[in-house]
2 protein chains.
Amino acid sequence: MIIKNLPHKTVERLSQYRRALLMTLSKEKTHVFSHEIAQMLHITPVQVRRDLMLIGYSGNLRKGYDIKELIELIGKIIDSDKGQRVAVVGLGNLGKAIISYFKGKRSKLSIIAAFDINPDKINRVYDGVPCYHIDQMTDIIKQNNISIGIISVPSTEAPEIAETLVLSGIKGLLNFTPKPLNVPPYVYLEEYDMITSLEKVAFFAKKNDERFK
Amino acid sequence: MIIKNLPHKTVERLSQYRRALLMTLSKEKTHVFSHEIAQMLHITPVQVRRDLMLIGYSGNLRKGYDIKELIELIGKIIDSDKGQRVAVVGLGNLGKAIISYFKGKRSKLSIIAAFDINPDKINRVYDGVPCYHIDQMTDIIKQNNISIGIISVPSTEAPEIAETLVLSGIKGLLNFTPKPLNVPPYVYLEEYDMITSLEKVAFFAKKNDERFK
DNA sequence: TTCACATTGCTAAATTTTTCACAATTAAAA
DNA sequence: TTTTAATTGTGAAAAATTTAGCAATGTGAA
Ligand SMILES: NC(=O)c1ccc[n+]([C@@H]2O[C@H](COP(=O)([O-])OP(=O)(O)OC[C@H]3O[C@@H](n4cnc5c(N)ncnc54)[C@H](O)[C@@H]3O)[C@@H](O)[C@H]2O)c1
Ligand SMILES: NC(=O)c1ccc[n+]([C@@H]2O[C@H](COP(=O)([O-])OP(=O)(O)OC[C@H]3O[C@@H](n4cnc5c(N)ncnc54)[C@H](O)[C@@H]3O)[C@@H](O)[C@H]2O)c1
């Protein structure tokens with residue numbers, strides 16, 4: 001299912017709605033109100049209703065939204081029906097943490113390979129994910145139709161790795177190194193740096209502290 | 001230095017500008033143009049100039065911005081002069097990765113303690129950071145004036161940990177578990193979940209793929 | 001059957017964030 | 001000294017995102 005021009009923020013929240021709903025799933029409760037979802041995610045009920053409106057989902061006036069239906073619909077929109085395969089490049093601290101975190105989380109989004117340059121890590125299996133030598137990357141990506149790459153190599157290596165991933169036909173990249181990358185427009189790039197998050201927390205914590213004292 | 005109501009997005013970018021500038025720092029180059037900063041971070045030059053305008057920094061019309069001065073000014077704004085101390089709660093895969101990543105990165109923002117419940121991890125030092133039993137958390141936070149907490153325990157434990165952190169006097173929280181937390185308004189909370197990032201990448205990668213094919 | 005009322009769905013307004021467009025400026029070149 | 005050209009700084013416009021406000025509605029109680 002395609003809904004044209006879903007805002008970036010809405011896509012993020014849909015992912016969060018689904019995860020929150022999956023977490024609260026229980027037998028007794030089949031429906032949920034917009035204000036309940038909102039409370040879980042620290043946003044307003046209007047925001048939730050607006051997002052659901054954008055994906056064309058209608059709730060029941062007295063019972064709220066059907067949890068099972070909603071989870072399913074979000075899946076229809078943000079997942080790809082054939083599923084998408086993911087590779088992690090750089091099996092260090094972070095790479096391992098990511099693999100262990102994803103294990104068994106999403107059926108439509110599966111990490112099926114890791115790549116590294118360190119011989120100690122190659123040809124071993126971590127949490128069900130085999131690790132290959134970086135030289136095999138292009139072949140394995142093409143053979144397995146991997147469309148998404150997660151970059152967790154040292155930042156100095158990141159640009160070269162990104163280039164290889166793009167040449168291998170990857171469609172989306174999640175970059176955890178602090179080195180900003182350049183990719184062609186047909187590849188979607190998302191960058192995340194914990195330091196930015198932490199500095200933001202530090203800034204607003206400091207500010208709050210002044211305001212509330 | 002306080003500038004009132006700096007937009008959230010601007011705070012994030014200031015952190016990124018500083019990091020990007022620190023990374024490109026060299027002897028030959030003392031100045032940088034807005035379009036150079038913009039290119040590094042995939043944003044527009046106007047955006048850069050607007051942000052710098054908001055913090056009241058003026059560049060040189062022909063030479064651009066003085067790199068050293070700018071880094072210093074950003075520090076004056078987003079850092080706290082006394083520095084802020086940080087604790088990591090939950091020294092698993094992710095907790096260790098975070099500590100190793102921060103080692104020696106920011107002088108004004110230092111991780112000085114970790115807490116866990118697993119006896120194997122307690123009373124050991126990881127990358128220079130000592131790990132204590134979770135029961136000592138409140139005392140150690142108060143004694144060392146730790147104002148920021150990073151939560152990387154299993155998500156089931158997160159709400160209780162957050163509550164304890166708040167009671168211990170923490171001012172800012174960075175939550176890496178997928179469990180949304182509730183904190184009082186005087187505590188700044190930032191939540192990050194990799195699954196949201198990855199699902200977003202997957203969604204837009206899929207979309208791009210349809211658009212460009 | 002009627003009524004009361006909590007909730008949805010949605011238009012319009014408000015707010016936040018980004019971009020446009022261009023005057024002002026200044027360092028270097030002529 | 002004058003000219004040239006590139007860049008900054010910023011008011012105003014545009015775009016994106018969030019919120020307000022409220023009619024419509026359907027459910028359960030009276
Ligand atoms: N640790 C964190 O929490 C964290 C957070 C944010 C970002 N990062 C960034 O993520 C990256 C990885 O962090 P980490 O802590 O896992 O580092 P790490 O050193 O533990 O892991 C890096 C891994 O990449 C491998 N590698 C090196 N060069 C390679 C190459 N050319 N091809 C393939 N593999 C290669 C190494 O063998 C190693 O296994 C770094 O850039 C770091 O800045 C880390
Ligand atoms: N691994 C990732 O990349 C990743 C990414 C995003 C979020 N997360 C989330 O971060 C959290 C940690 O992930 P992880 O991979 O490091 O898990 P992990 O199991 O490796 O580590 C959890 C650590 O917390 C400790 N712990 C458990 N209960 C505790 C308590 N009550 N007090 C103090 N410490 C306690 C455990 O002893 C362990 O050391 C999880 O909630 C996970 O969902 C992980």
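The base of D/dT19 does not come close enough to the side chain of A/Arg49 for any donor and acceptor atom to sit less than 3.5 Å apart. Looking at B/Arg50, its side chain has no donor and acceptor atom pair within 3.5 Å of the base of C/dT17.
A tilted orientation is assigned to the rings of A/Tyr188 and A/His8, their planes being inclined by 30° to 60°.
Each of B/Lys9, B/Arg13, B/Arg18 was evaluated against B/Asp51; a single residue qualifies, B/Arg13, per the salt bridge (charged side-chain N to carboxylate O under 4.0 Å, His left out) test.
Here the nucleotide nearest the side chain of A/Phe33, chosen from C/dC5, C/dT7, C/dT17, is C/dT7. Nearest to the side chain of A/Thr44, among D/dT19, C/dT8, C/dA21, sits D/dT19. Listed candidates were D/dT18, C/dT11, D/dT7. Nearest to the side chain of B/Leu61 is D/dT7. In the set D/dT17, C/dA28, C/dT17, the nucleotide with an atom closest to the side chain of A/Pro7 is D/dT17. The side chain of B/Val46 sits closest to C/dC20 out of C/dC20, D/dA20, C/dA27.
Between the CD1 atom of A/Ile43 and the P atom of D/dA20 there is a distance of 14 Å, rounded to whole Å. A/Met53 has its CE atom 12 Å from the P atom of C/dA12, to the nearest Å. Whole-Å rounding puts the A/His35 NE2 to C/dT7 P distance at 5 Å.
Across all strands, B/Ser34 comes closer than 4.0 Å only to sugar-phosphate atoms, never to a base (heavy-atom distances).
Not one side-chain nitrogen or oxygen of B/Asn60 sits closer than 4.0 Å to the OP1 or OP2 atom of D/dT8. For D/dG9, the OP1/OP2 oxygens have a side-chain nitrogen or oxygen of B/Ser58 closer than 4.0 Å. Neither OP1 nor OP2 of D/dT17 sits under 4.0 Å from any side-chain N or O of A/Gln47.
When each of A/Asp51 and B/Val32 is assigned the nucleotide of DNA chain D with its nearest heavy atom, B/Val32 is the one assigned upstream, toward the 5' end.
When every heavy atom of A/Pro7 is checked against every heavy atom of A/Leu54, the shortest pair comes out as CD-CD1, 4.0 Å.
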